[in-house]
Trainee: 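This is the structure I have questions about; it appears just below.
Whatever order the structure lists ligands and atoms in, that order sets their numbers, starting from 1.
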Amino acid sequence: MVVVMTTWSIREVPVSETPDGAWLLQGYTDAINDVLLDAWGNRDFERTATEILGSMRDQRYIRKPRLVAVADDEHDAPDPARILGYAMVNLPLQDNTHTAQVEVGVRPAHRRQGVASALYDAVLAVVRDAGRTTLTTSTDQRAEPPEGPGTLAATTGVGRLVADDAGPRFALARGFALEQVERYSVFDLPFDEDLVAKHRAEAEAHAGPDYRLVSWVNHVPEEWVDEYALLNTRMSTDVPLGGLDLEEDVWDAERIRVTEQQYQDRGLALLVMAAEHVPTHTLAAFTCFMAVPNSDEFVHQDDTLVIKEHRGRRLGMLVKAANLQRLAAERPTVRRVGTWNAEENSYMLAINVALGFRPAGGSGEWQLRLS
Ligand SMILES: CC(C)(COP(=O)(O)OP(=O)(O)OC[C@H]1O[C@@H](n2cnc3c(N)ncnc32)[C@H](O)[C@@H]1OP(=O)(O)O)[C@@H](O)C(=O)NCCC(=O)NCCS
């Protein structure tokens, strides 16, 4: 038997004008989709080159180097199939400038040859060069294992990973600590309308007349843009962070508008449902779905937050139940909503479970402090 060892080099994916003819971008996208399909067994998280490029073209608040391992070829053929694996780094430019978020993935057919190690070394050089000292990364799992041998517990004490999976092995071998475990949950549509209506009515009765629902798609009405920016800022610190070394990430109206433009360029649609505190004309809570360009069956549940001053009034249930009803009415083709929550976020998980979200896997959130 002849064993053919592939050799490769690491290249950066250029930020092109369009995805047409951008073979490194296409290979980067295909590699991400291969890794996601292998991890999850479905295409719900699949991405497109246009959507990825739309994100790469907006680097005002986050620098976004994207690297690929390209199989050597004597003619350097512009063939996306030559991409063996990918790495992405997000370097926040405004707040949390001590941190870098990293993701490394290798196509299943090319694993255990050192591709990820090479990509990780290249990423580490970028991270050190940018003066970052805290690195975070994520690993996916299809099901959370029951307590017992062969599992890893988060430093929060809540949630477990399968210790023997490739991702955790890779992260542990590089000195990362498991700071948090997230639960992934899926909500199926069509849903039990009476159940969701009952939860909404109970939440409305509990919250009382001081709160009123307001909603929009993509473009935040001028009236609410500063308030919505404040909710986004609070989202960065008011959610459980485990041992993750993150500080406040400040949003203002300008950043909201820049991000709206980015989402439009990527073909994403954000369906926001917020609760106004009428006496103060401020926003007390919000939740949103993110619809993606390549699926009309799947949407992401994006951020949900009730700010601390307004907790205990069932506003979380109110905005979530109302947004599910609105999703069913406005996007009748949607069959699944996917959501991520920290395992220690018991209040949010309780709301999701009551509404009918079912556990469908999760992730480990890892952190490494560079000396
Ligand atoms: C994790 C992943 C990136 C590894 O890619 P790879 O190219 O196979 O990794 P390498 O060949 O460079 O292996 C590096 C080290 O990772 C660990 N490792 C990787 N896969 C492993 C496996 N299946 N079992 C045990 N250890 C493994 C080992 O420590 C290995 O070193 P060794 O080969 O000297 O034992 C790949 O399996 C993948 O894409 N998984 C899904 C995405 C993911 O989890 N990414 C997060 C990584 S932080």
Trainee: What does the list of residues with a heavy atom under 4.0 Å from ligand 1 look like, ordered by chain and number?
Mentor: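 The 4.0 Å shell around ligand 1 contains Val35, Val104, Gly105, Val106, Arg111, Arg112, Gln113, Gly114, Val115, Ala116, Ser117, Thr137, Ser138, Thr139, Ala166, Gly167, Arg169, Phe170, Ala173, Arg174.
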
Trainee: Who pairs with Ala350 by side chain to side chain contact (heavy atoms under 4.5 Å, CB included), at least two apart in sequence or on another chain?
Mentor: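 So Ala350 forms no side chain to side chain contact (heavy atoms under 4.5 Å, CB included) with any residue.
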
Trainee: Is Glu276 salt-bridged to Arg212, going by a charged N under 4.0 Å from an acidic O?
Mentor: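 Salt bridge between Glu276 and Arg212, a charged N being under 4.0 Å from a carboxylate O: yes.
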
Trainee: Salt bridge (Lys or Arg N to Asp or Glu O under 4.0 Å) with Arg369: which residues, sequence neighbours excluded?
Mentor: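 Arg369 satisfies salt bridge (Lys or Arg N to Asp or Glu O under 4.0 Å) with Asp245 once adjacent residues are dropped.
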
Trainee: Answer with yes or no whether the side chains of Asp249 and Asn96 bring together a donor and an acceptor at under 3.5 Å.
Mentor: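 There is no such pair (donor and acceptor under 3.5 Å, judged by atom type) between the side chains of Asn96 and Asp249.
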
Trainee: Give me each pair satisfying ring-ring contact (aromatic ring centres under 6.0 Å, His included) with a member in residues 46-105, each pair once, sequence neighbours excluded.
Mentor: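 Listed once each, the pairs are Tyr28-Tyr86.
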
Trainee: Can you tell me how far CE of Met56 sits from CG of Asp58, rounded to the nearest 0.5 angstrom?
Mentor: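 So the gap between those two atoms works out to 12.0 Å.
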
